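Working notes, structure below.
Letters A, B, ... mirror the listed sequences (proteins, then strands); counts begin at 1. Everything numeric in this text was worked out from a predicted model, so none of it was measured.
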Number of protein chains: 4
Amino acid sequence: MTRPLRADAARNRRLLLAAAADEFAERGLDASIADIARRAGIGKGTVFRHFATKEDLIAAIVLDRVEVLIETGDHLLEAEDSGEALLEFLSVAAEQRQQRDLSFLQGASGGNAEVSRVQARLQETIDALVGRARDQGAVRDDVTGTDLFLLMCAPNYVAGYAPGAPPDLWRRYLAIIFDGLRPQGAHPLPHPAPRL
Amino acid sequence: MTRPLRADAARNRRLLLAAAADEFAERGLDASIADIARRAGIGKGTVFRHFATKEDLIAAIVLDRVEVLIETGDHLLEAEDSGEALLEFLSVAAEQRQQRDLSFLQGASGGNAEVSRVQARLQETIDALVGRARDQGAVRDDVTGTDLFLLMCAPNYVAGYAPGAPPDLWRRYLAIIFDGLRPQGAHPLPHPAPRL
Amino acid sequence: MTRPLRADAARNRRLLLAAAADEFAERGLDASIADIARRAGIGKGTVFRHFATKEDLIAAIVLDRVEVLIETGDHLLEAEDSGEALLEFLSVAAEQRQQRDLSFLQGASGGNAEVSRVQARLQETIDALVGRARDQGAVRDDVTGTDLFLLMCAPNYVAGYAPGAPPDLWRRYLAIIFDGLRPQGAHPLPHPAPRL
Amino acid sequence: MTRPLRADAARNRRLLLAAAADEFAERGLDASIADIARRAGIGKGTVFRHFATKEDLIAAIVLDRVEVLIETGDHLLEAEDSGEALLEFLSVAAEQRQQRDLSFLQGASGGNAEVSRVQARLQETIDALVGRARDQGAVRDDVTGTDLFLLMCAPNYVAGYAPGAPPDLWRRYLAIIFDGLRPQGAHPLPHPAPRL
DNA sequence: AATGAATGAGTCTTCATTCAT
DNA sequence: GATGAATGAAGACTCATTCAT
């Protein structure tokens with residue numbers, strides 16, 4: 001169904017996705033296709049040749065990112081220290097969004113079937129990571145994979161409100177949140193974990 | 001500078017702000033002025049009589065909210081248990097945004113001088129709250145008022161990604177984050193706290 | 001539901017409909033809203049304030065025309081000579097389209113419920129006109145209202161292909177077609193009349 | 001001027017013209033080159049190798065059709081019954097357009113010199129057919145070849161407005177119009193016949 | 001010679017903002 | 001003071017046409 005792209009088309013596709021990610025990061029979802037095209041150094045029409053719709057473009061970005069995370073997570077399932085593994089996973093997730101928070105894109109591609117499927121797949125991976133960590137006592141008992149799925153983007157979000165801050169300020173907030181996930185000194189949680 | 005409004009104008013202003021908050025909560029920043037006006041039951045032109053600009057309207061909402069928070073925080077400075085006080089403050093902040101995350105509005109009114117001034121004032125209040133809690137050993141040593149300013153919106157943000165969840169799911173994530181702020185089992189933080 | 005328009009808005013609406021009719025007549029359905037607006041001397045946005053959609057604009061034009069025809073037809077039902085009445089009706093119909101054929105608009109607004117309703121109403125009027133004429137022997141036996149509904153636009157269509165011709169050249173072709181509708185020298189028709 | 005095409009090129013040209021005719025018939029003049037190419041099973045670029053311009057493609061289709069008509073007409077000049085011959089000619093013309101009205105294409109290729117030339121040639125043929133029929137008293141005195149040139153497409157046009165109708169409904173309207181062309185019961189015509 | 005990727009002008013439509021009533 | 005009509009800039013998207021492969 002998806003035949004290999006011509007060399008130049010593949011290059012354009014890459015340029016386009018990169019430019020779009022940058023532009024969305026800087027301007028949010030309202031970034032215009034025209035600006036993205038200009039940034040990628042290609043024509044407006046070319047954007048639509050690659051992605052029939054702005055939503056499709058967004059979905060493609062999200063897909064890219066989610067797939068990388070799945071792979072990362074699956075690798076980390078084999079690490080010795082399950083607590084470290086989970087922390088590492090969250091770090092990779094945050095690093096991905098380092099430029100600026102792109103998590104809102106996730107919401108934007110809600111309708112997209114493929115995105116939903118891959119997100120479910122990511123959820124499974126996270127469930128496994130959290131399960132192991134919980135079993136080994138690396139994270140508190142009452143925390144679930146869904147919780148982590150939701151918390152995943154928080155460090156970038158928090159750091160994003162500090163304008164001139166170093167780009168990896170998120171590490172500070174990931175550390176705080178992760179301390180909140182440890183069993184030591186955990187207070188009971190209101191509300192059960194949600195289901196998605 | 002601000003002369004008293006005529007009674008009906010004051011009423012309209014209140015209706016307008018409420019409608020705008022609702023509409024922004026439901027639709028995000030792209031909520032249209034026309035829809036807000038309709039929701040408030042007033043004419044589009046009247047919106048602009050009250051706020052010269054969409055940005056000004058947003059700023060007014062933010063201002064309202066920030067002012068409430070300042071007042072809340074100032075009150076809580078006199079509470080006995082400084083840890084409880086800080087937690088309560090964060091709860092009030094989250095409750096305010098309960099309907100849906102409105103924190104993005106904060107970003108949108110970045111340029112507004114008045115907002116900046118009031119935010120600085122809020123920062124001071126939070127600094128004081130955190131200072132007391134730190135002094136009493138209720139929160140870890142290495143956490144600052146700025147950190148809390150930034151973390152303040154995280155619980156809503158996190159909960160916001162769970163679609164059908166109960167409206168106060170944020171409580172769960174506030175509890176986790178707050179546990180991460182406690183001295184027990186705290187691991188040292190990378191990066192110093194940022195300055196705004 | 002439809003409250004009276006403000007004086008200037010009503011004027012603009014009239015200008016707009018006239019300009020749109022002209023522009024569609026000259027350029028066909030592809031006439032651009034921008035050109036129509038320019039021709040009407042109003043802003044592009046104003047077009048959309050009056051008609052939410054290009055299709056709605058087209059429907060409004062068709063509606064206008066069809067309603068006039070219904071009224072004309074209903075009047076003519078009371079004329080003495082039913083043959084003359086039918087001919088007169090067709091003349092008015094053609095005159096309406098004199099500038100250039102606008103009948104294609106009819107097709108374009110197919111989906112519009114109101115247009116459909118009014119067209120059905122027009123059909124009834126034509127049925128009545130034809131029925132009387134047939135009863136009085138002014139038109140041949142085997143011709144129906146539906147036939148006339150369909151034939152109605154033909155004179156303009158035919159004349160439209162003669163570039164520099166006088167604007168009411170349609171009269172010539174209406175005369176020919178009308179002679180074909182008379183009982184004298186009528187040959188039997190293949191195919192029964194269609195139903196719409 | 002027109003050198004012989006390579007075998008495959010000739011085949012492509014034929015496929016292309018057929019696909020274009022179908023597509024125009026179904027979608028009207030706005031049929032896109034991309035769709036036509038897809039339908040023909042060839043690349044978009046190939047369309048432009050054959051016809052430099054969309055207009056040229058349209059002109060080619062019109063040319064094809066007009067040439068067939070000329071040939072048909074010339075044959076029919078030798079038929080015994082000149083009235084039957086004329087009716088037959090009109091029937092062939094209508095049959096050609098049976099799928100859906102393609103007469104609009106005629107208008108679209110107005111500027112094309114070759115089309116104009118061939119249309120003039122067709123006009124002559126029709127003049128001759130009508131001349132004979134008039135001389136033999138098969139059609140009324142006051143009708144000219146130009147009239148018939150113009151009336152030629154009317155039957156399809158009329159039938160085209162009846163959605164679910166049988167494809168050769170045009171026969172009914174051709175019969176009516178042709179009855180209008182007969183000498184019996186003819187009323188004098190307003191306007192002289194136009195000249196093209 | 002064929003292909004389909006790239007292009008940008010042009011289309012409809014939305015919306016903050018201004019202004020006449 | 002309130003209203004909503006008017007405006008035009010800006011956005012997503014389409015498509016004939018050009019050009020590298």
Quick one: label C:A40 by what it contacts on the DNA or RNA (base, sugar-phosphate, nothing), any heavy atom closer than 4.0 Å. nothing
Base, sugar-phosphate alone, or nothing: which one does A:A37 contact when heavy atoms must sit under 4.0 Å apart? nothing
Under the side chain to side chain contact (heavy atoms under 4.5 Å, CB included) criterion, do D:D30 and C:D30 qualify, and how do the steps go? CA-CA 9 Å; D:D30 294 340; C:D30 293 340; 2.9 Å; yes
Rounded distance (Å) that lies between atom [atom2] of [N] and atom [atom1] of [X]:
X: D:I33; N: E:dT3; atom1: CD1; atom2: P; value: 15 Å
X: D:L57; N: F:dC15; atom1: CG; atom2: P; value: 16 Å
X: C:I58; N: E:dC12; atom1: CD1; atom2: P; value: 10 Å
X: D:K54; N: E:dA9; atom1: NZ; atom2: P; value: 19 Å
X: C:R27; N: E:dG10; atom1: CZ; atom2: P; value: 13 Å
X: A:D30; N: E:dT14; atom1: CG; atom2: P; value: 16 Å
X: B:F24; N: E:dC15; atom1: CZ; atom2: C1'; value: 13 Å
X: D:L15; N: E:dT3; atom1: CG; atom2: P; value: 11 Å

A side-chain contact here means heavy atoms from C-beta on lying under 4.5 Å apart; do B:L57 and B:L17 qualify? yes
Heavy atoms, side chains only, cut-off 4.5 Å: are D:V62 and D:N112 in contact? no
Counting only side-chain N and O atoms of [X], is one of them less than 4.0 Å from OP1 or OP2 of [N]?
X: B:R49; N: F:dA2; value: yes
X: C:N12; N: F:dA6; value: yes
X: D:H50; N: E:dA1; value: no

In Å and rounded to the nearest 0.5 Å, what is the [atom1] to [atom2] distance from [X] to [Y]?
X: B:N12; Y: B:H50; atom1: CG; atom2: NE2; value: 5.0 Å
X: A:L69; Y: A:D64; atom1: CG; atom2: CG; value: 11.0 Å
X: C:I42; Y: C:L16; atom1: CD1; atom2: CG; value: 4.5 Å

By nearest nucleotide on DNA chain E, pick out whichever of D:V47 and A:G43 is the more 5' one. D:V47
What does the list of N/O pairs under 3.5 Å between the protein and nucleotides 18-21 of chain E look like, with a distance for each?
none

Partner residues of C:R38 under the side chain to side chain donor-acceptor pair (under 3.5 Å) criterion, sequence neighbours left out: C:D35
Between [options], which nucleotide has the shortest distance from any of its atoms to the side chain of [X]?
X: D:T46; options: F:dA16, F:dA12, E:dA2; answer: E:dA2
X: A:T53; options: E:dA16, F:dC13, F:dC15; answer: F:dC13
X: B:I42; options: F:dT3, E:dC12, E:dC15; answer: F:dT3

DNA chain E in dot-bracket, Watson-Crick or G-U pairs under 3.5 Å, [ ] crossing, | other strand? .||||||||||||||||||||
Which residue lies more 5' along DNA chain F, comparing B:G41 with A:S32 via nearest heavy atoms: B:G41
Do you know which two heavy atoms are closest between [X] and [Y], and how far apart they sit?
X: C:A31; Y: C:E23; answer: CB-CG, 3.6 Å
X: B:L29; Y: B:F24; answer: O-CE2, 3.8 Å
X: B:R65; Y: B:Q96; answer: NH1-O, 2.7 Å

